[in-house]
Amino acid sequence: MAVEMLSFIDRKSPIHQLTGATKLVCFLLWSFAAMLTYDTRILVLLFIASLLIFKISKIKVREIAFILILILTFLLINNIAIYVFAPQQGVAIYGTKHILLQLVGNYDVTAEQLFYHLNITLKYFVVIPAALLFIVTTNPSEFASSLNRIGVSYRIAYAVSIALRYIPDIQRDYRTIALAQQARGVDLSRKEKLPTRIKNAASIVLPLIFSSLDRIEIISNVMDLRGFGKNKKRTWYRNRPFQKGDYIAISLLLLLLIISLVVTFYDGNRFYNPFV
Amino acid sequence: MGKPIIEFENFGFKYRSQVNPTLYDINLTIEEGEKVLIVGPSGSGKSTLAHCLNGLAPNSYKGDITGSLKIKGESVATQDVFERSKLVGTVLQDPDSQFIGLTVGEDIAFSLENDCTSQANMLDRVEEVSHMVDMEGYLDSSIHQLSGGQRQRVALGGVMVDDVDILLFDEPLANLDPATGKHAISLIDRIKKETNKTVVIIEHRLEDILYRTVDRIIVVNEGRIVKDATPNQLLATSVLDDNSIREPLYIKALKYAGCEITPEIQPENINSIQLYSCKNQLVEWFESVNFDANSKHVEPGLELKNVSFSYQSDQEIISNVSFSISKGEMVSIVGKNGAGKSTLSKLICGFEKPSAGKILLGGEEITNNTIKERASKIGMVMQNPNHMISKHLIFDEVAFGLKLNGITEDEIKERVEKTLKLCGLHPFRNWPISALSFGQKKRVTIASILVMEPEVLILDEPTAGQDFRHYTEIMEFLIELNHLGVTIIMITHDMHLMLEYTPRAIVIANGEKIADDTAVNILTDEVIISKANLKETSLFELAIRAGFKNPREFVQRFIDYDREVRRTWQ
């Protein structure tokens, strides 16, 4: 059947039991921590912690493998791009130059540059599992209400959550349309030349847009008819009150953020420098 | 006499984007606790009337109102859609796309959430409503896992939760299989009796709605009310026929037999109608109609041999299905929602690969052929034309498939023109597709497949959303194609269609073939009807009530005769 990416995976785990709002707050704190620091020790610590949290959530790597590979591909491209455009960035940051391999021009491989790349890769590895976990362990029903709870307008929150919800539907439409067009001779395989393939893809995108517009018209009518947007506020049927676990989780994450900030900026530099 | 709850007075409505009004001089009063059916062909203005009632017009669909509309005695000209939704609850026609919540409970609660109801009250109220619509115990179920009938009940629950005075149903039977449609009608009837709400139903499947009594039927055509009468009065006139709305089949049969239909014989339901002298007239008519049992030559067309299919290791969706359809046959595939009909058509087109079994076309095995290889011989027309149309102009759309297959410009032009003529679209060939009606778009999609000259044409619900006139047009057109030698397979929920146009039907239930027989035999077989969620035909009932010894033959003769008559008025 269809591979549904990034959809909610229901399990019984302590992570699932946290309310959506808690998970969102934790995810934001976690991201701050990971974004602000370049301290390798902190990053390694966070990385190990994220593996642990992943284990606790009972989500299997296989279930998010597709999206994971996609992101790792981007990571690779990112690393290559950094090396191509700023091969001596590491030297600039750490202030020393240990050449490991002589190459033409400015492209000497230095220990500093490799260390810098390691840090960037670690950052990815710290943030990605957390982001994926947040998405696949948050019941979509709670998604809008948790955004709303941290202060996002409920209209925007609902728009985001509906958009996420329709991803599987649109994937289904896409498949139906692609099949219908292939049956008329549209070739999307590598046998065609690239310009033709792009043109052919347009023959799928256009019907997809039209059928999505239909869907939007119906859903916005339904929402109007049932009073969405009438008041400044709204309540949530699926709201869950905060429990002990939620407070504990948020406190732990706050602590983590503070520690990481203190350690990172203690010596006045975001970078941990092993070279001096 | 009750209190009037809805009063249209000299009411008219013109969409901002259109030159002429869609509704003129509507004068209609509906009383509290009444159950009213509004019928009319496509484009008659019946949907616009519904939009005016629930406030989508002029709030979402902009336009100008003339005259007045009062609900509960108060003018509602300045009401917004939110206030109106507290008076009129609307259940839309498509049970799939009208859900906002992910689970049953959430969806029912949606309107309460918007009213800032406290969570505790909300839980109670949702629980209460779920009992009303028989969905208790499903509150945490995901809507995607429900059957079509259950979804409709959830949709109803979602509007009942507001305790509205008026329930408006916009084509409640669309997309439901026949048996589920029957349940839906019973449920609406029960809710109406229990709560004494005013019910307004918009639907063109008249016979199915009349399965339970309605107080009045309003016939709308060309933006005006043509008739406002009780069902018994209405059926005694020729108004339905004149306005391209299908009469119940038993009424049609009685009219053919020359029986006079009067309000006194209570024609509104096959069980209430008094036949009296009609019995003899029916017998006379039956004997006067020729019955030609023409046997066709048989050449191998499409064959399925022990075909099974499952997604990965899940349970089988199609198990061990075999059948053979001869060249030039016209066959329908029927069964309940989710029985595996669509999967079967995907297997035939090569969209999916069978896990076991063989598929043959013209005696040659095509099981391993690709979609593209099969596409030159098997054409598939999807239910939703918007899933197929990718060009701006009709000509380009129809030419698209040929262009992709590298056919010369001259030949493309010739073949497209020929096909457009055949489909009655030639005068519009340089029109943008967006200017066409739903029915015409459907024709464009049929044309765009037909131009490839397939041997087999598969159509998924070819007549969904079409009124009686367009329905007849499309079907007669398919018959013509069929006479040209194209094998036609239709996947449908429409029992009339199956009975009238396809001599043979294949019934699928839970992925298995449970019957393969003449349409008449199937629709008169109680066991198959209940297994596959079909619905018996009222003609059969009529034949029994009129005392025919061989009611099946009566049904068959009616069908043959009726088709002949309709071909002439087309």
Side-chain angles (χ1 to χ4, degrees), chain A residues 1-2 8 139-141 145 154 158 161-162 165 168-169 173 175-187 189 196 200 202-215 217-241, chain B residues 54-56 59-60 81-82 85-86 89-90 92 94 97-103 105-106 109-119 122-123 126 158-159 162 311-312 314 346 349-351 371-372 374-376 378-380 382 384 386-391 400-402 404-405 448-449 452:
Chain A
M1 188 84 144
F8 174 58
N139 188 328
S141 316
S145 69
Y154 78 84
Y158 225 99
S161 112
I162 281 207
R165 277 250 313 282
D169 282 352
D173 271 0
R175 268 192 297 275
T176 316
I177 294 167
L179 289 172
Q181 301 298 37
Q182 279 176 48
R184 290 167 74 185
V186 173
D187 197 341
S189 65
T196 328
N200 287 349
S203 75
I204 294 173
V205 171
L206 218 62
L208 189 64
I209 291 173
F210 285 124
S211 60
S212 304
L213 286 178
D214 275 0
R215 208 182 271 286
E217 183 181 334
I218 294 172
I219 201 76
S220 59
N221 277 346
V222 172
M223 291 174 75
D224 273 354
L225 285 173
R226 291 168 69 184
F228 184 79
K230 181 165 54 177
N231 299 315
K232 284 221 173 78
K233 282 203 287 196
R234 84 198 288 277
T235 48
W236 305 86
Y237 178 73
R238 272 301 168 85
N239 223 349
R240 280 190 296 170
Chain B
N54 64 25
L56 280 181
N59 289 303
S60 294
V81 74
F82 304 138
S85 70
K86 296 290 161 229
T90 313
L92 294 178
D94 188 343
S97 49
Q98 61 180 287
F99 295 108
I100 308 161
L102 279 175
T103 59
E106 271 175 89
F110 185 73
S111 170
L112 298 176
E113 293 178 328
N114 294 327
D115 278 339
C116 299
T117 313
S118 75
Q119 202 177 14
M122 208 148 38
L123 290 170
V126 169
V159 301
D162 261 338
Y311 288 109
Q312 283 144 21
D314 295 328
K346 284 184 183 165
C349 292
F351 295 172
I371 300 180
K372 206 175 170 180
R374 292 189 207 191
S376 57
I378 303 175
M380 165 90 187
M382 302 268 173
N384 183 352
N386 289 336
H387 280 162
M388 299 181 69
I389 292 170
S390 59
K391 294 280 180 250
F400 184 54
L402 296 177
L404 287 170
N405 285 292
S448 65
I449 296 300
M452 316 283 282

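Below, chains carry the letters A, B, ... as their sequence lines are ordered, and counting in each starts from 1. What you see below is based on every heavy atom in this structure, not just the backbone, and it leaves out hydrogens, waters and symmetry mates.
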**Item:** Pairwise side-chain contact, A:Ile162 with A:Met223, heavy-atom cut-off 4.5 Å (strictly under)
**Value:** yes

Do [X] side-chain atoms and [Y] backbone N/O form a donor-acceptor pair below 3.5 Å?
X	Y	answer
B:Thr117	B:Met122	no
A:Arg184	B:Ala375	no
A:Gln181	B:Met388	yes

Under a 4.5 Å cutoff for heavy-atom pairs, which residue among [options] has the most contacts with chain B?
options	result
A:Leu206, A:Val205, A:Ile177	A:Ile177
A:Asn239, A:Thr176, A:Ile219	A:Asn239
A:Tyr158, A:Trp236, A:Phe228, A:Tyr154	A:Phe228
A:Ser161, A:Ser220, A:Ser203, A:Ser211	A:Ser203
A:Ala202, A:Ala180, A:Gly229	A:Ala180

Can you tell me which of [options] forms the most heavy-atom pairs within a distance under 4.5 Å of chain A?
options	result
B:Leu402, B:Asn59, B:Val126	B:Val126
B:Gly350, B:Gly89, B:Gly158	B:Gly158
B:Asn384, B:Ile378, B:Asp162, B:Leu123	B:Leu123
B:Gly105, B:Gly379, B:Ala109, B:Ser118	B:Gly105
B:Ile100, B:Asn386, B:Ile371	B:Ile100

Heavy-atom contact with chain A under 4.5 Å, split by part of [X]:
X	result
B:Ile389	backbone
B:Ile449	side chain
B:Met382	side chain
B:Ser376	neither
B:Asn405	side chain

**Prompt:** Taking it one step at a time, do B:Asn54 and B:Val81 satisfy side-chain contact (heavy atoms from CB on, under 4.5 Å)?
**Reply:** CA-CA 7 Å; B:Asn54 64 25; B:Val81 74; 5.8 Å; no

**Prompt:** Does the pair A:Lys233 and B:Asp115 meet the rule for a salt bridge (charged side-chain N to carboxylate O under 4.0 Å, His left out), with working shown?
**Reply:** CA-CA 9 Å; A:Lys233 282 203 287 196; B:Asp115 278 339; over 6 Å; no

**Message:** Quick check for you: to the nearest 0.5 Å, what is the distance between B:Arg374 atom CZ and A:Gln182 atom CD?
**Reply:** 12.5 Å

**Prompt:** Excluding sequence neighbours, so at least two apart, what forms salt bridge (Lys or Arg N to Asp or Glu O under 4.0 Å) with A:Asp173?
**Reply:** A:Arg215

**Item:** Residues, nucleotides or ligands: over 12 heavy atoms within 6.0 Å of A:Phe210 CZ
**Value:** no

**Counterpart residues, side-chain hydrogen bond (donor to acceptor under 3.5 Å, both in side chains), relative to A:Arg234 (two or more places apart)** = B:Glu113, B:Asn114

